[in-house]
Asks: 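Provided herewith is a single structure, encoded as structure tokens, for subsequent inquiry.
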2 protein chains.
Amino acid sequence: MEKTQPTAHLSFDRPLVTVDVVVFTVRQERLQVLLVQRPAAPREPFPGAWALPGGFIDTGADRTLLACARRKLKEKTGVASPYLEQLGSWGSATRDPRGWSATHAYFALISMPAEREPQSGAPVQQWMPIEDAMRRKLAFDHGEILEAALARLRSKAEYTSLPAFLLPEPITLPQLQQTYEIVLGRVLDKSAFRRRMLDAGFLEEAGSVVGPGGRPAQGYGIVDRSAATVFPRTFKSGEA
Amino acid sequence: MEKTQPTAHLSFDRPLVTVDVVVFTVRQERLQVLLVQRPAAPREPFPGAWALPGGFIDTGADRTLLACARRKLKEKTGVASPYLEQLGSWGSATRDPRGWSATHAYFALISMPAEREPQSGAPVQQWMPIEDAMRRKLAFDHGEILEAALARLRSKAEYTSLPAFLLPEPITLPQLQQTYEIVLGRVLDKSAFRRRMLDAGFLEEAGSVVGPGGRPAQGYGIVDRSAATVFPRTFKSGEA
DNA sequence: TCAATAGTGTCTATTAGACAATATACT
DNA sequence: AGTATATTGTCTAATAGACACTATTGA
């Protein structure tokens with residue numbers, strides 16, 4: 001893994017290392033992402049700009065990258081155990097004006113009812129519809145990271161149960177379908193959708209739930225919250 | 001992204017940062033991975049153990065993480081532009097006895113005929129069948145990384161053209177099928193396989209190629225070497 | 001009984017797998 | 001011709017999408 005000379009490389013220039021988290025949720029029938037505002041101090045890079053929540057690894061407190069991501073998420077959202085997966089890493093000599101830096105990006109899906117107050121006196125933060133967030137110039141290369149996160153969410157929505165993690169339990173199939181439609185940006189057939197979800201076996205029945213009017217819907221829970229279930233096919237395979 | 005105090009965090013403890021590459025190829029009808037032997041000096045971590053090729057980022061020479069991965073790959077294999085994608089990152093306080101460290105793992109597929117001599121006086125290296133590699137205790141958490149790489153390769157082989165990058169052009173369909181079978185560890189139906197590959201449209205005809213005996217096979221080139229093509233379905237969707 | 005929403009049934013076009021048949025090379 | 005391999009054709013079962021229909025609630 002490392003070079004040949006005994007401990008010479010320990011004096012290598014060490015890059016700055018951070019962890020950033022792209023947190024998605026569905027609010028007001030729109031897909032939204034959590035952003036924080038950078039401090040206004042002129043010594044800081046990108047003063048006042050919107051950025052993804054994240055920051056330096058605390059080598060004293062964080063045992064692993066994942067633990068660091070969880071900590072930052074907890075600090076900003078109060079949510080302790082959401083769906084969280086690694087997105088990728090971005091590193092270069094130029095992405096941070098302070099020097100060579102590498103960030104480990106994570107990807108979280110949370111449901112809104114679980115929303116709580118942030119714990120610490122954190123900088124200004126807010127939920128922003130993704131279309132708005134993509135339009136802005138975010139700090140660092142966070143625009144690129146957000147784009148990658150969105151691409152992954154949409155891609156996985158085509159063949160996995162991932163969007164289910166955007167909803168609070170109990171989940172109803174009409175709700176879930178609406179969520180898929182918001183993420184994918186197109187309408188889906190009701191009958192085919194239900195068959196697909198139910199056949200996939202990631203839902204388990206859990207007491208009925210009323211709706212605004214009309215017939216109440218069956219509620220479901222997610223069998224395994226640690227990972228999304230993969231469907232055998234993509235949504236609209238035909239098309240050609 | 002970062003904390004609030006002006007430049008205080010620049011004095012944060014910086015983790016060690018490395019890049020490792022999992023290089024796969026098919027040799028002798030088996031899936032193999034490239035490993036290097038760690039220096040024997042007792043001051044080094046894991047002396048003499050097998051490890052993934054990789055090492056510290058050279059903040060002076062490497063402009064980006066990807067460039068760093070490319071450099072390391074070139075040094076070990078002589079291959080300049082193989083299929084290369086990011087696999088993920090692993091970081092913790094304990095993975096390297098020298099201190100908090102994070103590695104950015106990449107994933108490369110190369111074809112054997114392109115094999116050349118390594119450029120520098122590098123440490124001992126060799127191709128090893130994955131079964132053998134998985135059995136050994138690799139240095140650091142490289143066993144875990146290799147496992148993740150293998151899982152991704154097998155997973156993507158189910159629904160993308162990825163295994164095509166393991167072959168030199170011109171590629172024949174029988175060759176490609178054999179490669180899929182090696183990666184997936186099961187036999188596939190010839191007719192269905194050909195339809196799948198040809199319909200996906202990632203191959204373009206390129207002069208015939210002879211085989212050991214019998215009818216010669218049509219040769220194909222890969223239209224776009226920068227990314228794998230995604231099939232609309234998984235291989236054996238039925239099964240239930 | 002009507003409006004609203006949830007859930008089911010059925011038909012059809014597509015297609016992956018199975019496997020038989022045919023084509024083209026070399027000896 | 002005979003052997004070896006590549007390539008194509010056909011049949012069938014599975015299933016996704018389309019869409020009409022039924023069910024269950026509240027007003």
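Only this structure's heavy atoms are used, side chains among them; waters, hydrogens and symmetry mates stay out. Keep in mind it's a predicted model, so treat the numbers as computed, not measured. Every chain is numbered from 1 and lettered A, B, ... according to where its sequence line falls, protein lines coming before strand lines.
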Asks: Stepwise, does the salt bridge (charged side-chain N to carboxylate O under 4.0 Å, His left out) test hold for A:E85 with A:K156?
Replies: CA-CA 12 Å; A:E85 73 171 43; A:K156 285 203 171 180; 3.2 Å; yes
Asks: May I have the distance from B:Q218 (atom CD) to D:dT7 (atom P), rounded to whole angstrom?
Replies: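 B:Q218 atom CD is separated from D:dT7 atom P by 7 Å.
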Asks: To the nearest angstrom, how far is B:Q177 atom CD from D:dT7 atom C1'?
Replies: 12 Å
Asks: Using a strict 4.0 Å threshold on nitrogen-to-oxygen distance, state whether A:R196 and A:E158 make a salt bridge.
Replies: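 Judged by the 4.0 Å cut-off on N to carboxylate O distance, A:R196 and A:E158 do not form a salt bridge.
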Asks: Under 4.0 angstrom, heavy atoms only, what part of the nucleic acid is A:R196 near: base, sugar-phosphate, or nothing?
Replies: nothing
Asks: Round to the nearest Å and state the distance from B:F193 atom CZ to C:dA18 atom P.
Replies: 15 Å
Asks: Looking at B:R71 and B:E75, is there a salt bridge between them, counting it only when a charged N and a carboxylate O are closer than 4.0 Å?
Replies: yes
Asks: Rounded to the Å, how far apart are B:Y220 OH and D:dA6 P?
Replies: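 Answer to the nearest Å: 12 Å.
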Asks: Let me know the distance between CG of B:L176 and P of D:dA6, rounded to the nearest Å.
Replies: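 It is 12 Å, rounded to the nearest whole Å.
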Asks: Counting the atoms with a prime plus P, OP1 and OP2 as sugar-phosphate, which does A:T172 contact under 4.0 Å by heavy atoms, base, sugar-phosphate, or nothing?
Replies: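 Answer is nothing: A:T172 stays at 4.0 Å or more from every strand.
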Asks: Determine whether any donor atom in the side chain of B:R233 lies under 3.5 Å from an acceptor atom in the base of C:dA16, or the reverse, and answer yes or no.
Replies: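 There is none.
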Asks: DNA chain C: B:D189 or A:R195, which has the more 5' nearest nucleotide?
Replies: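 Its nearest nucleotide being more 5', the pick is A:R195.
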Asks: What is the separation between atom CZ on A:F231 and atom C1' on D:dT15, rounded to the nearest whole Å?
Replies: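 Distance, rounded to whole Å: 15 Å.
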Asks: For A:G214 and B:G213, find the nucleotide of DNA chain D closest to each by heavy atoms; which residue's nucleotide sits nearer the 5' end?
Replies: B:G213
Asks: Salt bridge or not between A:K190 and A:E181? Use side-chain N to carboxylate O under 4.0 Å.
Replies: no
Asks: Measure from the side-chain heavy atoms of B:P216 and tell me the nearest of D:dT7, C:dA6, C:dT24.
Replies: C:dT24
Asks: Tell me whether the side-chain N/O atoms of B:R194 come closer than 4.0 Å to OP1 or OP2 in D:dT8.
Replies: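 B:R194 to D:dT8 OP1/OP2: side-chain N or O found under 4.0 Å.
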Asks: A:L198 has an atom CG; how far is it from atom P of C:dG9, in whole Å?
Replies: 13 Å
Asks: So that I can tick it off, tell me whether A:R225 and A:E169 are bridged by a salt bridge, with the cut-off set at under 4.0 angstrom between side-chain N and carboxylate O.
Replies: yes
Asks: DNA chain C: B:S191 or B:D199, which has the more 5' nearest nucleotide?
Replies: B:D199
Asks: Look at all strands and tell whether A:A192 reaches a base, only sugar-phosphate, or nothing, counting heavy atoms closer than 4.0 Å.
Replies: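 Base contact - A:A192 has a heavy atom under 4.0 Å of at least one base atom.
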Asks: In whole Å, I'd like the distance from the CZ atom of A:R215 to the P atom of D:dG26.
Replies: 12 Å
